[in-house]
There are 2 protein chains.
Amino acid sequence: MISNKAKYALRALLAVAAQPGGEALTSTEIARRHKIPHKFLEQILLDLKKSGILESRRGKSGGYVMLRPADTISFGEVLRIFDGPLAPLPCLSRNAYRRCEDCESEARCEIRREFARSYEASRQVLDSRTIADALRESQNPPIAAPERRAG
Amino acid sequence: MISNKAKYALRALLAVAAQPGGEALTSTEIARRHKIPHKFLEQILLDLKKSGILESRRGKSGGYVMLRPADTISFGEVLRIFDGPLAPLPCLSRNAYRRCEDCESEARCEIRREFARSYEASRQVLDSRTIADALRESQNPPIAAPERRAG
DNA sequence: CTAATCCCTATAAAACAGATAGAGATAATG
DNA sequence: CATTATCTCTATCTGTTTTATAGGGATTAG
């Protein structure tokens, strides 16, 4: 399960990116719309700013706008910021690689091998789909998509 | 990241399933071989027993054996026992479905839609690959497999 | 009877999740 | 210049989860 923090961050990003004419959106407004605790959201927006994804303007009529275009921000990138590595095992992470202390041989580890497959599959999706993709499909819902309710 | 508990459980299962002639394997031996804290492992093996995956014999020369055949036990099943639902969002889980309290419409939720894709991809792997698959490949490593070190 | 094993429950330290709080910095507006 | 709305920063708090550790009880082989 992803954390609330990551979910809130994605909600906020979708809201800011959907803002017509690139107008600024305030934390108060985002919190109200999406029922996110305001002070908690502020921390999250700050993190998004520190990560170079959002830009902010202070003072009256301030708010947040996208710093990078929405089609360069993948779901995977946001998840990594808030929930850490996507990899199911430390020894499978590129960015945050750590050896399993008790592992004899990574090449021969059955667990590593199996999780590598599953990881590759989900990573491929998360790192390719962007905030812009999500918004586009939202406005233009795919017709008769075979909605497969996954378990 | 998966929990240590789940990782230990998978290690233990692979060890018991690999036991020649279906001989019993003791918790002490598994703990020694894989450097797992013994008392912690005992709890895990007990959970595996309660889940109907392992069988145990008590007393001297006791130990654990498979109750169900290794080719019926998927990685996904084991993960669910120890780490809970595989789904990245409660509203995507079949077994442990929960509505997101603040969600207006699941059908129109962009976040749900995107995570459904990623989830489907990884679930497909985790629920299809079994303990037996992992052991088989381990003994018979695929020749010149394009080892793609995922990040 | 003894020793080795599994079985069960309680406890605890550390990390993490999910906030809450309050004060400071900045900018627009009148 | 005072006011007000905003972002910024840091500290704190509470409950849950993780990762064990501990101690004994039950069972069985020999």
Side-chain angles (χ1 to χ4, degrees), chain A residues 1-12 16 19 23-32 34-67 79 81-85 88-90 98 100-102, chain B residues 1-9 11-12 16 19 23-32 34-51 53-67 79 81-85 88-90 96 100-102:
Chain A
M1 296 270 180
I2 72 170
S3 67
N4 273 358
K5 217 166 178 177
K7 193 162 68 175
Y8 293 161
L10 287 168
R11 287 229 185 95
V16 173
Q19 195 69 350
E23 246 181 273
L25 195 55
T26 67
S27 64
T28 310
E29 176 60 13
I30 300 173
R32 191 194 56 74
H34 296 287
K35 298 171 192 158
I36 303 173
H38 183 226
K39 289 302 251 180
F40 195 29
L41 178 62
E42 281 190 325
Q43 293 173 26
I44 292 167
L45 291 167
L46 217 44
D47 286 341
L48 286 170
K49 192 195 160 180
K50 281 178 194 151
S51 309
I53 292 179
L54 289 182
E55 200 171 16
S56 63
R57 261 199 346 250
R58 295 215 266 197
K60 215 160 177 173
S61 85
Y64 293 90
V65 294
M66 302 303 289
L67 179 52
L79 273 187
I81 292 170
F82 292 97
D83 290 357
L89 294 171
R98 266 188 317 121
C100 290
E101 310 105 20
D102 43 359
Chain B
M1 296 272 180
I2 72 170
S3 68
N4 273 359
K5 216 167 178 177
K7 193 161 70 175
Y8 293 161
R11 286 229 186 96
V16 173
Q19 194 69 350
E23 246 181 274
L25 196 55
T26 68
S27 65
T28 310
E29 175 60 14
I30 300 173
R32 191 193 58 73
H34 297 288
K35 296 172 192 157
I36 303 172
H38 182 226
K39 290 301 250 178
F40 195 29
L41 178 62
E42 281 191 324
Q43 292 174 26
I44 292 166
L45 290 168
L46 217 44
D47 286 343
L48 286 171
K49 193 195 160 180
K50 281 177 194 153
S51 309
I53 291 180
L54 288 182
E55 200 172 16
S56 62
R57 257 197 353 245
R58 297 215 264 197
K60 214 160 177 175
S61 83
Y64 292 89
V65 294
M66 303 302 289
L67 178 54
L79 274 186
I81 293 170
F82 292 98
D83 290 356
L89 295 171
C100 290
E101 309 103 21
D102 43 357

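The chains referred to below are lettered A, B, ... by the order of the sequence lines, with proteins before strands, and numbering in each begins at 1.
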>> Tell me the closest heavy-atom pair linking A/Met1 and B/Leu89, and the distance in Å.
In response: SD-C, 3.7 Å
> Tell me: CZ of A/Phe82 to C1' of C/dA19, nearest whole Å?
Replying inline: 15 Å
> When you measure from the side chain of A/Asp83 to the backbone N and O of A/Ser3, does any donor-acceptor pair fall under 3.5 Å?
Replying inline: yes
>> What is the distance, to the nearest angstrom, from the CE atom on A/Met1 to the C1' atom on C/dG18?
In response: 16 Å
> Expressed in angstrom and rounded to an integer, what is the separation of B/Glu55 atom CD from C/dT5 atom C1'?
Replying inline: 16 Å
>> What is the separation between atom NE2 on B/His38 and atom C1' on C/dC7, rounded to the nearest whole Å?
In response: 12 Å
> How close or far is atom P of C/dT11 from atom CD of B/Gln43, stated in whole angstroms?
Replying inline: 14 Å
>> Does C/dA17 have its OP1 or OP2 closer than 4.0 Å to a side-chain nitrogen or oxygen of A/Ser3?
In response: no
>> Pair A/His34, B/Asp102 - check side-chain contact (heavy atoms from CB on, under 4.5 Å), show working.
In response: CA-CA 7 Å; A/His34 296 287; B/Asp102 43 357; over 6 Å; no
> First and last nucleotide of DNA chain D touching chain B, 5' to 3', heavy-atom cut-off 4.0 Å?
Replying inline: D/dT19 to D/dA29
>> Looking at C/dA17, I'd like to know if its phosphate oxygens (OP1 or OP2) sit under 4.0 Å from a side-chain N or O belonging to A/Lys5.
In response: no
>> Could you report the tightest heavy-atom contact between A/Ala6 and A/Leu79, atom names first, then the distance?
In response: CB-CD2, 3.8 Å
> Per the atom types in the model, does the base of C/dG18 pair as donor or acceptor with the side chain of A/Lys39 at under 3.5 Å?
Replying inline: no
Show the atom names and distances, to 0.1 Å, of all donor-acceptor pairs under 3.5 Å that link a side chain in residues 53-61 of chain A to residues at least two apart or in another chain.
residue: A/Ser56; atom: OG; partner: A/Lys49; partner atom: NZ; Å: 3.2
residue: A/Arg57; atom: NH2; partner: A/Ser61; partner atom: O; Å: 2.9

> Between atom CZ in B/Phe40 and atom C1' in C/dC6, what is the gap in whole Å?
Replying inline: 18 Å
> Picking from C/dG18, C/dC7, C/dT26, which would you name as closest to the side chain of B/Glu42?
Replying inline: C/dC7
> Which atom names give the shortest non-hydrogen contact between B/Ala12 and B/Leu41, and what distance separates them?
Replying inline: CB-CD1, 4.2 Å
>> Can you measure B/Arg57 atom CZ to C/dT5 atom P for me and round it to whole angstrom units?
In response: 12 Å
> Please give, in whole Å, the distance from C/dA17 P to A/Tyr8 OH?
Replying inline: 14 Å
> Hey, is the side chain of B/Tyr64 poking within less than 4.0 Å of OP1 or OP2 on C/dC7, counting only N and O atoms?
Replying inline: yes
> Minimum heavy-atom separation for A/Glu29 to A/Leu25, with atom names?
Replying inline: CG-CD1, 3.7 Å
